[in-house]
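Throughout, residue positions are numbered sequentially from 1 according to the sequence presented. Remember, it's 1-based here, ligands and their atoms both numbered in the order they're listed.
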Amino acid sequence: MRPLYLDTAATTPIRKEVLDEMISSLNDFGNSEARYYSFSENAKKNIQVARERIATALGCNSDEVIFTSGATEANNLFIKGYAEANPHKKKIIISKIEHSSVRETCYYLKKYGYNVVEIPVDSSGLINMDILKKEINEQTLFVSIIAVNNEIGTIQNLKEIDAVCYENNVPFHSDATQAIGKIDIKLNEYKALNFLTFSSHKIYGPKGIGALIVKKANGIKVDLAPLFHGGEQEEGYRAGTLSNELIVGFGKATELITNCIQRNNDILANLEKTLLQKLKNKFGDYIKVNNAFSNRVYGLINLQFIGQNNMILLKQMSPIVAASTGSACSISKPSNVLAAIGLNSKEISYSIRLSLSIFNTPDDLKIIDNL
Ligand code: PMP
């Protein structure tokens, strides 16, 4: 019996339509940047198709899609790149529940004199808007707030944050890695949200590819220092030969997942209901859901097995269910996200995250009865 994989918030399997396009593009020989020969025509064309698919999905232009190796790199590129290009402003505003690739990158900048303000959240993970309004000022370099949290699924009110940033003339970046395919984000409906991060392997695409959307200001390129030097690719923001097969897969995955947001959410909502019911039947009061609030995405449950150490529990469960404690990127530390919504260290040590796939079926969940 194969264990049931319930860790899609960490990474998803590649869906078949994506794999098919990737396999055929592996044969697209030639450097996509080459100008004077025709070998690379296919690679070039297919990269442009992928760019356009992503641009359509997100309501931006195709030349605003900057391919990176994933969300970690995209977050680093924005945070360090924007800081370096705008050295006169030293105040950074993030939330208390950012992914480590935003939080740690901002902390890294502290040694260069940056003041990092972390806006607290309520028990459902929503940022305190009054504190944001109080903190934001002309010294603020940018505001970066995670669109959907990776441990508890909280959906932030992006439009409200956007309005505050716009009023204060401060650029807004969001890590939307867990949001794409679950909530609809069209950048042309925003005024300050000019930078957006996301990643392919969270949306049934391949690993090793993601993007930073860098919106142009009235057609003019924004200043952003590159992390890598020595190449003019990606508008000069990201040097290095593009991986056409990964980009093709990423483009297809983005198109497919964003075309069916309502359907995906219906599937996940149903599966989640069944999963929770099964767990309640089996464990009764020994389980407690940490994210039993409505402002969150479906298919991501964070819960405590009261009295059970989460690491030991996950190991014991592993022949039946493959899950994790939360963020795989900062596994050695207790969850700062659960602490931010008010859990104590004991409660955090009992907590695990179960995240479903749109390809799971109610039949798959029967395995839970064996726990
Ligand atoms: N941001 C969020 C919200 C994530 O969930 C993750 C993946 N754990 C990342 C960033 C990093 O993504 P990647 O693996 O593509 O670098």
Item to check | Listed partners of D28 passing side chain to side chain contact (heavy atoms under 4.5 Å, CB included), at least two apart | outcome: S25, N42, A43, N46, N244
Item to check | I146 neighbourhood, listing ligand 1 atoms whose heavy-atom distance to it stays under 4.0 Å | outcome: 3 (C)
Item to check | Numbering as shown, the atoms of ligand 1 that approach G70 to under 4.0 Å (heavy-atom distance) | outcome: 15 (O)
Checklist entry - If we only count N/O pairs under 3.5 Å, is D175 in contact with ligand 1? => result yes
Checklist entry - Cationic tip of K80 within the cone over Y112's six-membered ring, i.e. under 6.0 Å and within 45° of the normal? => result no
Checklist entry - Counting each atom of ligand 1 from 1 as listed, which ones have a heavy atom of K202 under 4.0 Å away? => result 5 (O), 6 (C), 7 (C), 8 (N)
All N/O donor-acceptor pairs, side-chain side in residues 123-131, below 3.5 Å, sequence neighbours left out:
from : atom 1 : to   : atom 2 : distance (Å)
S124 : OG     : D122 : OD1    : 2.9
S124 : OG     : N295 : OD1    : 3.4
S124 : OG     : N295 : ND2    : 3.4
N128 : OD1    : D130 : N      : 3.0
N128 : OD1    : I131 : N      : 3.0

Checklist entry - Parallel, tilted or perpendicular: which fits the ring planes of Y82 and F142, with parallel below 30° and perpendicular above 60°? => result perpendicular
Next on the checklist: Regarding E17 and Y204, do their side chains bring together a donor and an acceptor under 3.5 Å, going by distance alone?
Outcome noted: no
Next on the checklist: List ligand 1 atoms under 4.0 Å from S101, heavy atoms only on the residue side.
Outcome noted: 10 (C)
Checklist entry - What atoms of ligand 1 come within less than 4.0 Å of a heavy atom belonging to H201? => result 13 (P), 14 (O), 15 (O)
Next on the checklist: For ligand 1 and E73, I'd like to know whether there is a polar contact (N/O to N/O, distance under 3.5 Å).
Outcome noted: no
Next on the checklist: I'd like to check which ligand 1 atoms, numbered from 1 as shown, lie under 4.0 Å from a non-hydrogen atom of T72.
Outcome noted: 11 (C), 12 (O), 13 (P), 16 (O)
Checklist entry - Under a 4.5 Å cut-off applied to non-hydrogen side-chain atoms, are I203 and T258 in contact? => result no
Checklist entry - Do any nitrogen or oxygen atoms of A71 lie less than 3.5 angstrom from nitrogen or oxygen atoms of ligand 1? => result yes
Item to check | Student check: side-chain heavy atoms of I79 and C106 closer than 4.5 Å | outcome: yes
